[in-house]
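Below is one structure; the comments refer to it alone.
Within every chain, numbering begins at 1; the chains are lettered A, B, ... in the order of the sequence lines, protein sequences first and strands thereafter.
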There are 2 protein chains.
Amino acid sequence: MRPVPRTAILDRPLAPPRRRDSAATRGAILEAGKRQFAQFGYDRTVLREIAAEAGADVALIKRYFGGKEGLFVEALKSAIGAQDRLRGWDRAAFAREIATLMAGNPHAQEDRTQTFQFLLRAATSPSTAPLLNLAVQERFLGPIRDWLGGKESAARARVLAAVHIGFLVERLIRGKALTGPEREAFIDRAAATIQGLIDAPTPGP
Amino acid sequence: MRPVPRTAILDRPLAPPRRRDSAATRGAILEAGKRQFAQFGYDRTVLREIAAEAGADVALIKRYFGGKEGLFVEALKSAIGAQDRLRGWDRAAFAREIATLMAGNPHAQEDRTQTFQFLLRAATSPSTAPLLNLAVQERFLGPIRDWLGGKESAARARVLAAVHIGFLVERLIRGKALTGPEREAFIDRAAATIQGLIDAPTPGP
DNA sequence: AAGTTTTGTCAACAGGCATTGACTTTGCAT
DNA sequence: ATGCAAAGTCAATGCCTGTTGACAAAACTT
């Protein structure tokens, strides 16, 4: 397989020589790890590269995280941890906002999607999927379910999560953002689909 | 990271000693490759294992496919090619069938999702993403769109595909099949979501 | 200022795995 | 039967990469 050009999204920050500070170093490594794991996935991420981006030495990864897997788990936790901002979202705007996000904004910053990419990569790699199961359950599905509320919130949360993930993958495959009328149609449809999951209180028999 | 138990889905067929036959050997390798790439992903698939399952020698992989990447691409093509069976599906039953499939049958063998798993893994493999993009467009999105028909069929197809993929990933993360009432609720919701995409002729303004 | 602990650097080491090329066997045509 | 090409086997080879431990430099303590 091709070596896969290992270019960073934006040119390596190349951290200025840090004054000795274990916390800062650890943090830098974690951050670089998060980014690279998200971009390349577990297997194709090389510790030496992470160290380089963090401006640290490989050996420190072992010291601070025990090894590659330790760093990954830590990075995963850190990435998922930021998912609490769900509450406070406007129920009416949510669907369309997500849909727009998923259509891909040619100008949007990739910050938002990094977490998801991370999850996605973790999910699709057999090596890390087991690690993900619990984390997703607790910190992802749970909050969504609570936010949704109402009847069958658990099932709706599951489906919603699935749909959401699906959009991410689709976007990943597609590569580029949609434009023009196709974009509009897509957003409409996607928003409607999501909305159906948000407020469906199950008409039931 | 865990070595990832390299157990086959169903016990290795362990092909009976083949009489010398390049076509058959090539085919066996391709088949084994398809299965293992789908199960383990590119990086964690080992050529020696493929060869073993095919009852062939590693060196033959080079001879017939040029190398690992060549085999992967070939396997991908082969997997994608088998997606024509869409037409003929019952529009009424489709949604629920997919939903059920995605909930996971505790007793079923997972053959059904193998192709999709493969696609998914390929999607996250950087070097094959471009190839996949095209393939998905032509052999996946196209047929779905035609099958859907009606207004905005392209956009609906896109969303449907995304949703479908999403279910797959969710299932991948979840690992085990759902059971009991949660299963029922999930299927109901998922089916409704999919159905909404199938027959929505866009009520529009 | 000396000694100690923390932080960081460097250079192997070792395992896994794709790749290679030389060698052997089989099948087939003559 | 015999010889040649195709098919299959085998044993290196070498790279990539995570891990490790010994060493150096800084920071902190007393």
Of the nucleotides [options], which has the atom closest to the [X] side chain?
X	options	value
S22(A)	dT9(C), dT19(C), dT7(C)	dT7(C)
R20(A)	dG8(C), dT19(D), dC10(C)	dG8(C)
L60(A)	dA18(C), dG21(D), dT9(C)	dT9(C)
R19(A)	dA27(D), dT17(D), dT25(C)	dA27(D)
L47(A)	dA18(C), dG18(D), dG21(C)	dG18(D)
V58(B)	dC10(C), dT19(C), dG21(D)	dT19(C)
R63(B)	dA7(D), dG18(D), dC10(C)	dA7(D)
Y64(A)	dT9(D), dA27(D), dG8(C)	dG8(C)
K68(A)	dC17(C), dT26(C), dG18(D)	dG18(D)
A59(B)	dT19(C), dT20(C), dA27(D)	dT20(C)

Before giving the answer on side-chain contact (heavy atoms from CB on, under 4.5 Å), spell out for R44(B) and Q39(B) the whole-Å C-alpha distance, their side-chain angles and the decisive distance to 0.1 Å. CA-CA 9 Å; R44(B) 300 192 97 81; Q39(B) 185 175 2; over 6 Å; no
Check each of Y42(B), F65(B), F40(B) against F72(B) using the ring pair (Phe, Tyr, Trp, His ring centres under 6.0 Å) test, and report the only one that passes.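 So the option named by the test is Y42(B).
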Round to a whole Å and report the spacing from [atom1] of [X] to [atom2] of [N].
X	N	atom1	atom2	result
F40(A)	dC16(D)	CZ	P	16 Å
R48(B)	dT19(C)	CZ	P	11 Å
I61(B)	dA18(C)	CD1	P	8 Å
F72(A)	dT17(D)	CZ	C1'	18 Å
L71(A)	dT17(D)	CG	P	16 Å
D43(A)	dC16(D)	CG	P	17 Å
D57(B)	dT26(C)	CG	P	15 Å

Position toward the 5' end of DNA chain C (nearest nucleotide), G66(B) or R26(A):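 First, find each residue's nearest nucleotide; the 5'-ward one identifies R26(A).
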Is a side-chain N or O of R189(B) found less than 3.5 angstrom from the main chain of A154(A), in a donor-acceptor match?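 Side chain of R189(B) to backbone of A154(A), a donor-acceptor pair under 3.5 Å: no, none is there.
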Does dG8(D) have OP1 or OP2 under 4.0 Å away from a side-chain N or O of T25(B)?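 Answer yes for this pair, as a side-chain N or O of T25(B) is under 4.0 Å from OP1 or OP2.
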Does K62(A) have a side-chain nitrogen or oxygen under 4.0 Å from the phosphate oxygens OP1 or OP2 of dT20(D)?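 Answer is yes, contact under 4.0 Å.
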When rounded to the nearest 0.5 angstrom, what distance separates CD1 in I187(B) from CD in E182(B)?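 These two atoms lie 11.0 Å from each other.
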Going by the angle between their ring planes, with limits at 30° and 60°, are F186(B) and F167(B) parallel, tilted or perpendicular?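 Judged by the thresholds at 30° and 60°, the geometry between F186(B) and F167(B) is perpendicular.
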